[in-house]
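Inspection log for the structure reproduced underneath, given as structure tokens.
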There are 2 protein chains.
Amino acid sequence: MKIGEAAKATNLPIKTVRYYADIGLVAPDGRGANGYREYDETAVEKLRFVGRARSFGFSVPECAELLSLYEDKTRASADVKRIAEAKIVALDAKLAELHELRDELARVATACAGDSRAKCAILDRFSKV
Amino acid sequence: MKIGEAAKATNLPIKTVRYYADIGLVAPDGRGANGYREYDETAVEKLRFVGRARSFGFSVPECAELLSLYEDKTRASADVKRIAEAKIVALDAKLAELHELRDELARVATACAGDSRAKCAILDRFSKV
DNA sequence: ATAAACTTTCCAGTCACAGGAGACTCAAGC
DNA sequence: GCTTGAGTCTCCTGTGACTGGAAAGTTTAT
């Protein structure tokens, strides 16, 4: 199939599919006589794989690593587990901080009277003027 | 305090602090006679807030909006409250998304044997939609 | 036959920084 | 007083992961 169809099938922008081909992350099956990229089911499968991994917060180099693990079925799954667990630790830290930020913002919101007065206790604390 | 100390206090790279000053996101308190940026506790507080907000995917313009809650005393508090509450909704959505991501990743990581066997639930999960 | 849609390459721009050069300033040690 | 090293300044370029657009060729539908 051509790049447009592959893009639709993987739910990725055409530009992104082309970009992945350019950087050698997911190469198309080959080129047609007209020079068009040809994607077979395997390539589409890899694109889907990468798309999902990216949405999980893996960088492109990490995706390349995962993809190589994916391609080489004989490799130990411990490698994949190690990468995933490192990612979970980072996510937990992010979650904790996000909660903190959310609560801080909520404090600001509740401290606001919500009327037309330009007075806000917490804002006063931060404002220097 | 000078930029290095401010950077250390906020756990941000010096380059980033300078960048925020350049684009007017978090201006230093002023400049010393030698031209060095001077940061007071208010500026440091803002840097900390921005640092956290940025790490959750809030763009710089969005951070500017969040900061305006602290900075703009002339804004009616109803507006402040409205903006704050909209951001809280966005934060909650982000929280939920991250939670989902984290749990999904944790689930497949535990399912992954982590030994030398070729089968890995993580990779399966990526490839099976 | 022609128009619309699709694909190609190439180049520029984006966002939020990061790296490095070259010059200036400051505090400490000799 | 001088040197050394660390810290800071501005300016310029590079990065990651795309995204947009131009100009040209190809395919498909009417």
Side-chain angles (χ1 to χ4, degrees), chain A residues 1-40 43-44 46-68 83 87 90 94 97-98 101, chain B residues 1-40 43-44 46-67 90 94 101 126:
Chain A
M1 68 181 84
K2 283 178 291 182
I3 197 170
E5 202 183 340
K8 207 166 280 180
T10 57
N11 215 25
L12 289 171
I14 288 186
K15 280 278 188 181
T16 299
V17 176
R18 209 173 272 131
Y19 173 71
Y20 288 164
D22 285 350
I23 64 173
L25 181 61
V26 179
D29 190 36
R31 296 283 184 134
N34 48 20
Y36 287 12
R37 290 172 184 81
E38 259 303 317
Y39 288 87
D40 61 356
V44 167
K46 287 180 189 171
L47 282 174
R48 239 182 242 125
F49 177 94
V50 168
R52 184 145 183 98
R54 286 283 301 126
S55 84
F56 271 65
F58 288 94
S59 71
V60 163
E62 281 171 329
C63 285
E65 194 178 356
L66 282 168
L67 203 53
S68 80
I83 294 171
K87 213 67 198 170
K94 241 177 190 324
E97 276 186 78
L98 184 49
L101 181 69
Chain B
M1 66 182 86
K2 283 179 291 182
I3 197 169
E5 201 183 341
K8 207 165 282 181
T10 57
N11 216 26
L12 287 172
I14 287 187
K15 280 278 187 182
T16 300
V17 176
R18 209 173 273 132
Y19 173 71
Y20 288 163
D22 286 350
I23 65 173
L25 180 61
V26 178
D29 191 35
R31 296 281 184 135
N34 47 18
Y36 287 11
R37 290 171 184 81
E38 260 301 320
Y39 288 87
D40 60 357
V44 168
K46 288 178 189 173
L47 283 174
R48 246 182 235 122
F49 187 91
V50 168
R52 264 177 286 138
R54 283 289 302 124
S55 81
F56 310 130
F58 281 90
S59 70
V60 164
E62 281 172 330
C63 287
E65 196 179 358
L66 285 167
L67 269 184
K94 203 111 192 130
L101 192 80
F126 284 152

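In the text below, chain A, chain B and the rest are named by the order of the sequence lines, each starting its count at 1.
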Tell me the interatomic distance from [X], atom [atom1], to [N], atom [atom2], rounded to whole angstroms.
X: A/I3; N: C/dA5; atom1: CD1; atom2: C1'; result: 15 Å
X: B/I23; N: D/dT10; atom1: CD1; atom2: C1'; result: 17 Å
X: B/K15; N: D/dT15; atom1: NZ; atom2: P; result: 15 Å
X: B/Y19; N: C/dT14; atom1: OH; atom2: C1'; result: 10 Å
X: A/M1; N: C/dT7; atom1: CE; atom2: C1'; result: 16 Å
X: B/D22; N: C/dA18; atom1: CG; atom2: C1'; result: 13 Å

The helix from C/dA1-D/dT30 to C/dC30-D/dG1: angle between end helix axes, five pairs per end, rounded to 10 degrees: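 Answer for the end axes of this duplex: 0°.
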
CG-CZ distance between B/D22 and B/R18, expressed to the nearest 0.5 angstrom: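 It is 8.5 Å, given to the nearest 0.5 Å.
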
Nucleotide nearest [X] (side chain, heavy atoms from C-beta), chosen from [options]:
X: A/K2; options: D/dA17, D/dT19, D/dT27; result: D/dT27
X: B/R54; options: D/dA17, D/dT28, C/dC17; result: C/dC17
X: B/S59; options: D/dT8, C/dT7, C/dA16; result: C/dA16

Where do [X] and [Y] come nearest, in terms of heavy atoms and distance?
X: B/Y20; Y: B/R54; answer: OH-CG, 3.4 Å
X: A/V44; Y: A/A6; answer: CG2-CB, 4.2 Å
X: B/L47; Y: B/L12; answer: O-CD1, 3.7 Å
X: A/A21; Y: A/R37; answer: CB-NE, 4.0 Å
X: B/A7; Y: B/P13; answer: CB-C, 4.3 Å

A/T16 vs D/dA17: side-chain N/O to OP1/OP2 distance below 4.0 Å: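 The answer is no; no side-chain N or O of A/T16 sits under 4.0 Å from OP1 or OP2.
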
Of residues 28-40 of chain A, the positions that come close to DNA chain C - non-hydrogen atoms, cut-off under 4.0 Å: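 Of all residues in residues 28-40 of chain A, the ones placing a heavy atom under 4.0 Å from DNA chain C are A/R31, A/G35, A/Y36, A/R37.
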
A/R31 backbone acceptor or donor facing A/E38 side chain under 3.5 Å: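 The answer is no, because no donor-acceptor pair under 3.5 Å joins these two groups.
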
Looking across every strand, which nucleic acid part, if any, lies under 4.0 Å from [X] by heavy atom: base, sugar-phosphate, or nothing?
X: A/R18; result: base
X: B/I14; result: sugar-phosphate
X: A/Y20; result: sugar-phosphate

Side-chain heavy atoms of B/T10 within contact of B/Y39, under 4.5 Å: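 Of all side-chain heavy-atom pairs linking B/Y39 with B/T10, none is under 4.5 Å.
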
Residues which pass side-chain contact (heavy atoms from CB on, under 4.5 Å) with A/A27, listed by chain and number, not counting sequence neighbours: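 With sequence neighbours excluded, A/A27 shows a side-chain contact (heavy atoms from CB on, under 4.5 Å) to no residue whatsoever.
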
